[in-house]
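Reviewing the structure listed below.
Note that the structure is predicted; figures quoted are calculated from it, not measured. Atom set for the values below is all heavy atoms of this structure, side chains included, hydrogens, waters and symmetry mates excluded.
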Number of protein chains: 2
Amino acid sequence: MAHDNTELAHPARDDLRLTDVLFALSDPERLAIVRQLVDGPLEMAQCHLSDPSMPKSTKSHLMKVLREAGIIRNEPLGRGRRLSLRYDDLEARFPGLIGSVLDAAADT
Amino acid sequence: MAHDNTELAHPARDDLRLTDVLFALSDPERLAIVRQLVDGPLEMAQCHLSDPSMPKSTKSHLMKVLREAGIIRNEPLGRGRRLSLRYDDLEARFPGLIGSVLDAAADT
DNA sequence: GAAATGGTTCGAAATTAATCGAACCATAGG
DNA sequence: CCTATGGTTCGATTAATTTCGAACCATTTC
């Protein structure tokens, strides 16, 4: 087919809203996901949660909140998904923010 | 009486939790309050909200969320309240965080 | 000490967010 | 093509947050 309908919508860099970003990061599980992406992209199946028995619909929802806030990118890769941190976009829009959040989350 | 019961509870510096701080800052109205405190303490009555007709119980609740997250201090002063940003505590616990949030909120 | 001012707290109602099963969709591999 | 794998979406339920009036409390002022 000419067009891949598994592409999800991502907000443009300039459309990122600070309060949405802060909200998405304010959940421990979502913050833990972001921390796993700081060293590079990850296949979603390799991205693990605190509770391994969490249903996939819940995991998918966590990813949706992060994606819609503009924090992560979620693109099809093979039969799975590739997740990546939108570090450059975040840094351009909110300088220093994501770095300080990740630093603060590091010493836990 | 020996003890002033109008003193509210504030979390100690070491008890501040990152996710609570992010959550408290993720609301536009609360973020706007914090911005008003960056230049120094303010009497609560002088701290204005986007909607001037907002009931005082709602305003008080906004302050409670900020206070319980450890972002602001709320102490009795005369017949009112004095609000201040806990900048030093935030900076000590989460270096760079509050500054980058305020910077990001500045260019709106 | 009575009234006015400024704010907290409580409880109920409304809004919003999280959870999760079921149904569905796409790709990869037999 | 059939099946397994990986993930999204929908809808319903539950949980958490917000909102706001009413009652209450403390301080100042008269």
Report summary line: Each nucleotide of nucleotides 5-17 of chain C classed B (base within 4.0 Å of a protein heavy atom), S (only sugar-phosphate) or -, in 5' to 3' order, makes BSBBB-------S
**Report entry** Integer-rounded Å distance: dT19(D) C1' and E29(B) CD
**Finding:** 12 Å
Query raised in the report: Any luck finding a side-chain donor-acceptor pair between R81(A) and N74(A) under 3.5 Å?
Result: yes
Report task. Examine distances only and state if a side-chain atom of S100(B) and a backbone atom of G96(B) form a donor-acceptor pair shorter than 3.5 Å. Result -> yes
Query raised in the report: Sub-3.5 Å donor-acceptor pair from the side chain of K59(A) to the main-chain atoms of C47(A), do we have one?
Result: yes
Query raised in the report: Hey, mind stepping through R73(A) and D89(A) against salt bridge (charged side-chain N to carboxylate O under 4.0 Å, His left out) and telling me if it holds?
Result: CA-CA 11 Å; R73(A) 197 174 291 105; D89(A) 288 331; 3.7 Å; yes
Query raised in the report: How close or far is atom C1' of dC20(D) from atom CG of L49(B), stated in whole angstroms?
Result: 14 Å
Query raised in the report: What's the CD-C1' distance between E75(B) and dA26(D), to the nearest Å?
Result: 16 Å
Report task. May I have the distance from E68(B) (atom CD) to dA16(D) (atom C1'), rounded to whole angstrom? Result -> 14 Å
Requested in this report: Quick one: name the residues clustered hydrophobically with F23(A), using the 4.5 Å side-chain heavy-atom rule over I, L, V, M, F, W, Y, and just say none if it's on its own.
Outcome: F23(B)
Query - L77(A) CG to dG6(D) P, straight-line distance once rounded to whole Å - result: 13 Å
Requested in this report: Find the distance between CZ (R93(B)) and CG (D14(B)) and round it off to the nearest 0.5 Å.
Outcome: 6.0 Å
